[in-house]
Amino acid sequence: MSGKHYKGPEVSCCIKYFIFGFNVIFWGVLSNISSITDLGGFDPVWLFVVVGGVMFILGFAGCIGALRENTFLLKFFSVFLGIIFFLELTAGVLAFVFKDWIKDQLYFFINNNIRAYRDDIDLQNLIDFTQEYWQCCGAFGADDWNLNIYFNCTDSNASRERCGVPFSCCTKDPAEDVINTQCGYDARQKPEVDQQIVIYTKGCVPQFEKWLQDNLTIVAGIFIGIALLQIFGICLAQNLVSDIEAVRATW
């Protein structure tokens, strides 16, 4: 051997390991997306499966593609991330243009899940979390719980929960350490003035709209940050692919 080393194009280690780190972070972010369910009482677990599948595919393609310098996986990662970015952008534009339709669908979503409240424990926990977090009850008010066979006010309803609401609709007493799961019993039989003392009377749809208006700058900043991160990831992957192909062209 002559001891001479060939000096040609080299794959940037910085870009390679930066993409690996990017995917680790991206993997962690996706793993926390778990608070949406489908219409009609759909089990939220199925959404977690879908999100987990997307998370695994992207993480695998990005991490293995970067470490093994596999151009196919890197291109797949770049294209897949680009598709997700395009879908997010399209969804944002459509949500702005068809905001009234989105509002109707949200109303439809909540009411459908109210009907199925006792049918699925995951769905029940999701609704309770939503009502506690937004301090709301039903889609547009507590009377939406008439849609549930256990909470409706009809004379034929023999349930002890008749004309009541779930405990998540109840106003919270900071002094109470233990949740009173029966606090919503007979709540809707009281006059409206008395109801406001015991339960939240505002619906979750208007409460969500109010929260969105109050935090519009923060929400917009988060979406812009995610979009820039995705574009950055796509550019890094494409740059690494170009470096790898340039190196292999000299072989």
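When reading the values below, keep in mind they use all heavy atoms of this one structure, side chains included, and skip hydrogens, waters and symmetry mates. Residues: numbered from 1 along the sequence shown.
Leu81 is not connected to Leu228 by any chain of hydrophobic side-chain contacts under 4.5 Å among Ile, Leu, Val, Met, Phe, Trp and Tyr, and they are in different clusters. No continuous path of ILVMFWY side-chain contacts below 4.5 Å connects Ile199 to Val193, so the two sit in separate hydrophobic clusters. Residue Val93 is grouped with residue Trp101 when hydrophobic side chains (ILVMFWY) are merged at heavy-atom distances under 4.5 angstrom, including chains of intermediate members. The hydrophobic clustering, which links ILVMFWY residues whose side-chain heavy atoms are closer than 4.5 Å, places Phe85 and Phe223 apart. When hydrophobic clusters are built by joining Ile, Leu, Val, Met, Phe, Trp and Tyr residues whose side-chain heavy atoms come closer than 4.5 Å, directly or via intermediates, Val79 is not grouped with Phe77.
Atom CG of Asn215 is separated from atom CD1 of Ile222 by 9.0 Å, given to the nearest 0.5 angstrom. Taken from CG in Asn112 to OH in Tyr107, the straight-line distance is 10.5 Å, to the nearest 0.5 Å. Atom SG of Cys136 sits about 5.5 Å away from atom CD of Gln131, to the nearest 0.5 Å. Atom SG of Cys163 sits about 8.5 Å away from atom CG of Asn152, to the nearest 0.5 Å. To the nearest 0.5 Å, the span separating CG on Asp128 from OG1 on Thr181 amounts to 10.5 Å. Atom CZ of residue Arg115 and atom CG of residue Asn148 lie 10.0 Å apart, to the nearest 0.5 angstrom.
In this structure, Ser168 and Glu132 approach most closely via the heavy-atom pair CB-CG, 3.7 Å. Here the shortest heavy-atom pairing between Lys190 and Gln195 reads O-NE2, 2.9 Å. Listed here is the closest heavy atom pair of Cys137 and Cys204: N-SG, 4.1 Å. Nearest heavy atom pair, residue Cys170 against residue Gly184, reads SG-N, 3.4 Å. Nearest approach of Phe140 to Pro206, heavy atoms of both residues: CD2-CD, 3.9 Å. Nearest heavy atom pair, residue Asp186 against residue Arg162, reads OD1-O, 3.7 Å.
Within a 6.0 Å radius of NZ in Lys172, other residues, nucleotides and ligands contribute more than 12 heavy atoms.
Taking the side chain as every heavy atom from C-beta outward, Gln182 and Arg160 never approach each other to under 4.5 Å. Residues Val198 and Asp194 fail the side-chain proximity criterion, which asks for heavy atoms closer than 4.5 Å. Using a 4.5 Å heavy-atom cutoff, the side chains of Ile179 and Phe167 are in contact. Residues Thr90 and Phe86 meet the side-chain proximity criterion, which asks for heavy atoms closer than 4.5 Å.
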Decide yes or no on side-chain contact (heavy atoms from CB on, under 4.5 Å) for Lys202 and Gln135, but give the supporting numbers first.
-> CA-CA 8 Å; Lys202 295 180 180 179; Gln135 296 186 348; over 6 Å; no

Given the rule in the side-chain contact (heavy atoms from CB on, under 4.5 Å) test, do Asn146 and Phe151 qualify, once you have shown the distances and angles that lead to the verdict?
-> CA-CA 6 Å; Asn146 277 327; Phe151 294 98; over 6 Å; no

Could you go step by step and tell me if Glu161 and Tyr185 meet the side-chain contact (heavy atoms from CB on, under 4.5 Å) rule?
-> CA-CA 6 Å; Glu161 295 175 310; Tyr185 285 9; 3.7 Å; yes

Using the side-chain contact (heavy atoms from CB on, under 4.5 Å) rule, take Ile114 and Ile110 through it: C-alpha gap first, then chi angles, then the decisive distance, then the call.
-> CA-CA 6 Å; Ile114 283 175; Ile110 295 174; 3.9 Å; yes

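In terms of modelled atom types and a separation under 3.5 Å, the side chain of Asn113 and the main chain of Phe109 share a donor-acceptor contact. Within the 3.5 Å criterion, the main-chain N or O of Trp134 finds a donor-acceptor partner in the side chain of Gln207. Counting only distance, with no hydrogens or angles, the side chain of Thr171 and the backbone of Ile197 share a donor-acceptor pair below 3.5 Å.
With salt bridges taken as basic N to acidic carboxylate O contacts below 4.0 Å, one links Lys210 and Asp214. A salt bridge is absent between Asp144 and Arg188; no separation between the charged side-chain nitrogens and carboxylate oxygens falls under 4.0 Å.
In this structure, Phe208 and Trp211 have parallel ring planes: the angle between them is below the 30° cut-off, well short of the 60° mark.
Residues Tyr117 and Trp145 place their aromatic rings such that the two centres sit under 6.0 Å apart.
Side-chain atoms of Asn157 and Tyr150 form no donor-acceptor pair, as typed in the model, at a separation below 3.5 Å.
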